[in-house]
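These notes concern the structure reproduced below.
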Amino acid sequence: MKSPRIAFFDTKPYDRAFFDADNRKFGFFIKYFEEHLGPATAALSRGFNAVCIFVNDVVGADLIKTLYKNGVRLIALRCAGYNNVDFKSAFGKIHIVRVPAYSPHAVAEHAVALMLALNRKTHRAYHRTRDSNFSIQGLLGFDMFGKTAGVIGTGAIGRELIRILKGFGMHVLAYDVRPDEAFAGETGFSYTDLKTIYRKSDVISLHCPLTRETYRMINASSLKSMKTGVMLINTGRGKLIDTRALIEALKRRKVGFAGLDVYEEESEYFFEDFSSEVISDDVLARLLTFPNVLVTAHQGFFTREALANIARTTLQNVDDFVRGRRLVHEICYRCSQSVCTRKTKGKCF
Ligand code: NAD
């Protein structure tokens, strides 16, 4: 393939700035679309070799067929999570690559920003002092030092978070389907089961991918087993939490704080300005009414360093594809839903 033609979906001015800067090196033909990639916009992919998509572009089996018919042979996700793509259906037709770790620091630091803001209520203090209200009544927080944090998922982001929380002097408990005992030993935390995390943690932070197993892992039953007043932080994926169950737990004061960078039905709202519109999603609207809930619109990844890394890795992924090199960041169905392993040398199909 000579110079590939890439259709970028769901783009914003900040995406274009970073990708254009990096594309000077590659010289690919890039067409940016503001629209999400979906059944209604799939026709835009005609004549392109690759599509580049983001977290809320949902690519199911039918869309895969259309993309393939249109000549697309590569889906480049410019994100780490890949729950939005049916890569089983794509297998044998379209390669799928992602950016596995562009800045774990960005997301881990954002999780901590949510924790500290909720704990010390800086989001509320900001509004008070701007209104010349200097009362601190109702802003009482707690020391992070000595508290127990439960970290679910100790991959790139979970590890960074653990390092930061250890710096606060917190006790850290963690759960991962693939525990890294050596890292736990070096860092000074212990792995345990989910039940123990729920029972013992003052702060619980979610850093596992969204899979069949983790779908709504935070639900009425798991919430019931948590400490009263627990702080729940989700920078993973919205569907890790049953939001209606969380709202009930907030109303009963079981959950004391919730910091949510992701939301089950975020795709309709997040990344867009609805400040002059009516929010018709009653669950999201209810969440926004709680003083002890902080919602950010999937901005955990949003740092200069992360955007530069996303652009660099995504275009490098495309370049590897064009040159027939091993796709080191392929999401390979055959390699059990993970990065392509050396056994297949990136040539699964
Ligand atoms: P990673 O692949 O490095 O780590 C994920 C970890 O979760 C792995 O250690 C894996 O073994 C573990 N895991 C898998 N299934 C599990 C299960 N059932 N229970 C517990 N642990 C399980 O990924 P990462 O870079 O650390 O990212 C984690 C998640 O964060 C991503 O999947 C993505 O959904 C989300 N994310 C969010 C943002 C944001 O802007 N908010 C940005 C990047 C990633």
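Whatever order the structure lists ligands and atoms in, that order sets their numbers, starting from 1.
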Ring centre gap for Phe54 and Phe271 strictly below 6.0 Å: yes

Pair Arg237 + Glu264, salt bridge at N-O below 4.0 Å: no

N/O separation below 3.5 Å, Tyr175 to ligand 1: no

Main-chain N/O of Ala311 paired with Thr314 side-chain donor or acceptor, under 3.5 Å: no

Close approach of Asp176 to ligand 1, heavy atoms, under 4.0 angstrom: yes

Asp202/Lys227 salt bridge by N-O under 4.0 Å criterion: yes

Val262, any N or O under 3.5 Å of ligand 1 N or O: no

Face-on cation placement of Arg73 at Phe321 ring, 6.0 Å and 45° thresholds: no

Any donor-acceptor pair under 3.5 Å from Asn219 side chain to Arg216 backbone: yes

Cationic N near anionic O, under 4.0 Å, Lys166 to Glu186: no

Protein residue, atom and distance nearest to atom 28 (C) of ligand 1, heavy-atom basis: His207 O, 3.3 Å

Heavy-atom nearest neighbour in the protein, as seen from atom 15 (N) of ligand 1, with distance rounded to 0.1 Å: Val177 CG2, 3.5 Å

Subset of ligand 1 atoms that lie under 4.0 Å from at least one heavy atom of Asp261: 39 (C), 40 (O), 41 (N)

Distance-only polar pair, side chains of Tyr175 and Thr154, donor-acceptor under 3.5 Å: no

Cation-pi, Tyr14 ring and Arg16 (6.0 angstrom, 45 degrees): no

Proximity to ligand 1 by part of Pro100, non-hydrogen separation under 4.0 Å: backbone

Atoms of ligand 1 close to Thr214 [distance to a heavy atom under 4.0 angstrom, numbered from 1]: 17 (C), 18 (N)

Min N/O separation Ile157 to ligand 1 under 3.5 Å: yes

Closest protein heavy atom to atom 4 (O) of ligand 1, given as residue, atom name and distance to 0.1 Å: Gly155 CA, 3.1 Å

Backbone or side-chain N or O of Tyr102 under 3.5 Å from ligand 1 N or O: no

Test: Arg5 cationic atom under 6.0 Å from Phe28 six-membered ring centre, within 45° of axis: no

With Ile218, the side-chain contact (heavy atoms from CB on, under 4.5 Å) member among Leu206, Asn234, Thr243, Val255: Leu206

For Arg178, atoms of ligand 1 separated by under 4.0 Å from a heavy atom: 11 (O)

Closest protein heavy atom to atom 35 (C) of ligand 1, given as residue, atom name and distance to 0.1 Å: Gly236 O, 3.5 Å

Side chain, backbone, both or neither: the part of Thr154 lying under 4.0 Å from ligand 1 by heavy atom: backbone

Shortest protein heavy-atom distance from atom 40 (O) of ligand 1, along with the residue and atom involved: Phe301 N, 3.0 Å

Thr211 touching ligand 1 at heavy-atom level, < 4.0 angstrom: no

Distance from atom 14 (C) of ligand 1 to nearest protein heavy atom, with residue and atom: Pro209 CD, 3.4 Å

Main-chain N/O of Ala106 paired with Ser103 side-chain donor or acceptor, under 3.5 Å: yes

Basic-acidic side-chain contact under 4.0 Å: Asp282, Arg286: no

For Val107, the ligand 1 atoms whose distance to one of its heavy atoms is below 4.0 Å: 38 (C), 42 (C), 43 (C)

Nitrogen or oxygen of Cys208 less than 3.5 angstrom from that of ligand 1: no

Exam field: side chain Lys31 to backbone Ile6, donor-acceptor pair closer than 3.5 Å: no

Atom indices of ligand 1, in the order listed, that fall short of 4.0 Å to a heavy atom of Gly300: 40 (O)

Those atoms of ligand 1 less than 4.0 Å from some heavy atom in Thr235: 35 (C), 36 (N), 37 (C), 38 (C), 39 (C), 41 (N)

Any protein heavy atom < 4.0 Å from atom 23 (O) of ligand 1: no

Under-4.0 Å heavy-atom contact between protein and atom 2 (O) of ligand 1: no

Protein heavy atom at shortest distance from atom 33 (C) of ligand 1: Arg237 NH1, 3.6 Å

